[in-house]
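Each remark here refers to the structure printed beneath this line.
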Amino acid sequence: MECSWKTVLLLVCASLGIQYTAIRSLRDSFSSPCQGSHHCQHRELKEYTWRSLCDDGLSFGPFNSQNRKHIILFATTRSGSSFTGQLFNQHPDIFYLFEPLYHVQQAFTNSSTRLRKILDRRALLGAYRDLLQNLYNCDFYFLENYIKPEPKDHVTSSFFRRGSNSALCSPPVCEESRDAQDSDEFWCSKKCRTLNLTLASKACQDRGYMAIKTVRIPEIKDLRILSEDPRLNLKIVHLVRDPRGILASRMVAFMDQFRAWKIWNATGRRPHYVDLAQITRTCQDLSDSAETGFQKPSWLKGKYLLVRYEDLARNPEDKAKDIYKFIGLEMDEKVRTWIIHNTNRSAAQEGNYKFSTTRNSKATAESWRLNLAFDIVQTVQSLCNNTLSLLGYKIVNSVTELRNMSNSLVEPRTFLPFS
Ligand SMILES: *[C@@H]1O[C@H](CO)[C@@H](O)[C@H](O)[C@H]1NC(C)=O
Ligand SMILES: *[C@@H]1O[C@H](CO)[C@@H](O)[C@H](O)[C@H]1NC(C)=O
Ligand SMILES: *[C@@H]1O[C@H](CO)[C@@H](O)[C@H](O)[C@H]1NC(C)=O
Ligand SMILES: *[C@@H]1O[C@H](CO)[C@@H](O)[C@H](O)[C@H]1NC(C)=O
Ligand SMILES: *[C@@H]1O[C@H](CO)[C@@H](O)[C@H](O)[C@H]1NC(C)=O
Ligand SMILES: *[C@@H]1O[C@H](CO)[C@@H](O)[C@H](O)[C@H]1NC(C)=O
């Protein structure tokens with residue numbers, strides 16, 4: 001057994017290597033709020049949960065993850081989530097984040113391929129969840145693992161859509177303060193310059209509510225671990241929209257990706273290479289998530305509200321009140337003012353407001369009916385018929401029916417919170 005010492009050495013090295021990697025990744029994933037903490041209770045909970053539970057290390061403000069309330073606006077791209085997110089963003093007691101998961105997706109995307117690809121979906125979902133957990137804990141340092149270029153001294157100039165997060169654009173995070181007349185998204189990136197993540201953490205801890213909008217998590221089941229964390233007390237606002245409207249909106253917003261659809265829409269002839277998979281996937285995710293909600297699993301009890309964008313657009317103030325009732329907070333006058341100026345074109349013009357989202361929300365939610373070729377509508381209806389009927393969207397059988405706007409395609413439905 002001449003070579004045995006070598007073998008042993010090799011094994012020891014390998015095992016040290018593994019341990020080193022494990023410790024390193026543990027340390028990396030350990031974020032500052034937990035450092036030096038002596039009271040990591042509930043270790044028997046799932047591994048990713050206990051990390052956020054030992055949060056007695058970093059404490060700037062009056063709120064911590066136990067007495068703060070946490071909200072997720074769970075949506076899909078082009079389903080009205082920016083509009084709905086503003087209902088939270090405008091409230092002075094809510095710390096709102098507009099899609100922080102963007103940074104994670106970027107980090108997991110291979111941008112060297114022409115069609116940008118996600119390298120590992122399961123790992124990505126785990127990273128999404130870890131980031132949400134840490135952000136709900138007001139730990140902004142955790143984001144530094146993903147922001148490109150890497151922040152220096154906890155300061156970054158690359159925070160995604162900073163201007164859509166009012167707390168990150170107001171004192172003390174941003175020294176400048178603005179009046180309502182300046183409230184467009186670009187004001188912030190011009191005036192506030194770099195973002196100090198320590199200040200962001202502090203500002204987060206000064207508010208009793210935190211809301212995060214995301215369109216990047218496919219299914220509500222992917223939120224189960226967060227929902228089961230007793231100290232998060234998560235409220236899930238599940239925003240849905242008619243998939244025909246989602247598609248029409250994506251065609252406008254993502255021109256390159258939807259070129260074949262645009263050709264189809266313009267010529268009435270369907271290119272053979274048109275990609276039906278994405279909208280099919282969207283519909284599947286919508287109905288899977290809604291079905292999960294309708295089944296009322298115990299992990300969603302008291303935590304789930306389904307909102308149709310069309311209902312919100314038609315009746316924004318009442319629907320906003322329902323949402324606020326669900327999260328257990330009084331709707332602020334600022335939210336009401338924002339709604340009036342962004343859903344009523346004449347009021348907006350009268351006040352000379354410069355909101356970038358100014359539009360008539362009711363008209364916008366349904367405008368797809370005038371902007372999609374009937375052939376496309378029929379195709380989506382057959383790909384998504386279950387989703388449409390589950391969420392209460394009527395199908396049309398003729399162009400006349402499609403274009404006749406006095407005929408609503410949204411069946412009256414009441415979606416009560418699951419309590
Ligand atoms: C990214 O894609 C390119 C081209 O397909 C490939 O050569 C490269 O290895 C990929 N990078 C990673 C990190 O997978
Ligand atoms: C960021 O803010 C913290 C807290 O106010 C401060 O101590 C730190 O110096 C700031 N960082 C930079 C780079 O200005
Ligand atoms: C819209 O604004 C105009 C002008 O301020 C006002 O007269 C009208 O009542 C408003 N409509 C709604 C639905 O709020
Ligand atoms: C589809 O085509 C119609 C008529 O050419 C056009 O008005 C509409 O804007 C197009 N829709 C989209 C989503 O591009
Ligand atoms: C959806 O379409 C399938 C196949 O055409 C049909 O069997 C099913 O009954 C339809 N579902 C609804 C809810 O209309
Ligand atoms: C549009 O729908 C309404 C309500 O169903 C109906 O009364 C009207 O005749 C329709 N208009 C056309 C042009 O078909």
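This chain uses plain numbering: 1 for the first residue, then up along the sequence. Read the numbers this way: they start at 1 and go in the same order the structure lists the ligands and their atoms.
- No cation-pi contact links Lys69 to Tyr209, judged by a cut-off of 6.0 Å to the six-membered ring centre and 45° from its axis.
- If you number the atoms of ligand 6 from 1 as listed, the ones under 4.0 Å from a heavy atom of Ser406 come out as 1 (C), 2 (O), 3 (C).
- Cysteine sulfur proximity is not satisfied for Cys174 and Cys188, their SG distance being 2.5 angstrom or more.
- Shown in contact with Lys262 at under 4.0 Å from a heavy atom are these atoms of ligand 4, numbered in order with element: 14 (O).
- If you check the gamma sulfurs of Cys204 and Cys138, they are less than 2.5 Å from each other.
- Ring geometry for Phe415 versus Phe294: interplanar angle under 30°, hence parallel rather than tilted (30 to 60°).
- Summary of contacts: the protein heavy atom closest to atom 1 (C) of ligand 6 is Asn404 ND2, 1.4 Å.
- Partner Glu144 forms a side-chain hydrogen bond (donor to acceptor under 3.5 Å, both in side chains) with one of Lys152, His103, His154 and no other, that one being His154.
- Atom 5 (O) of ligand 4 is not flagged as protein-proximal [any protein heavy atom, distance under 4.0 Å].
- In terms of protein heavy-atom proximity, atom 3 (C) of ligand 2 is closest to Asn196 ND2, 3.6 Å.
- Inside a 4.0 Å radius of atom 9 (O) of ligand 6 there is not any protein heavy atom.
- When only non-hydrogen protein atoms are considered, atom 13 (C) of ligand 2 lies nearest to Val155 CG2, 3.5 Å.
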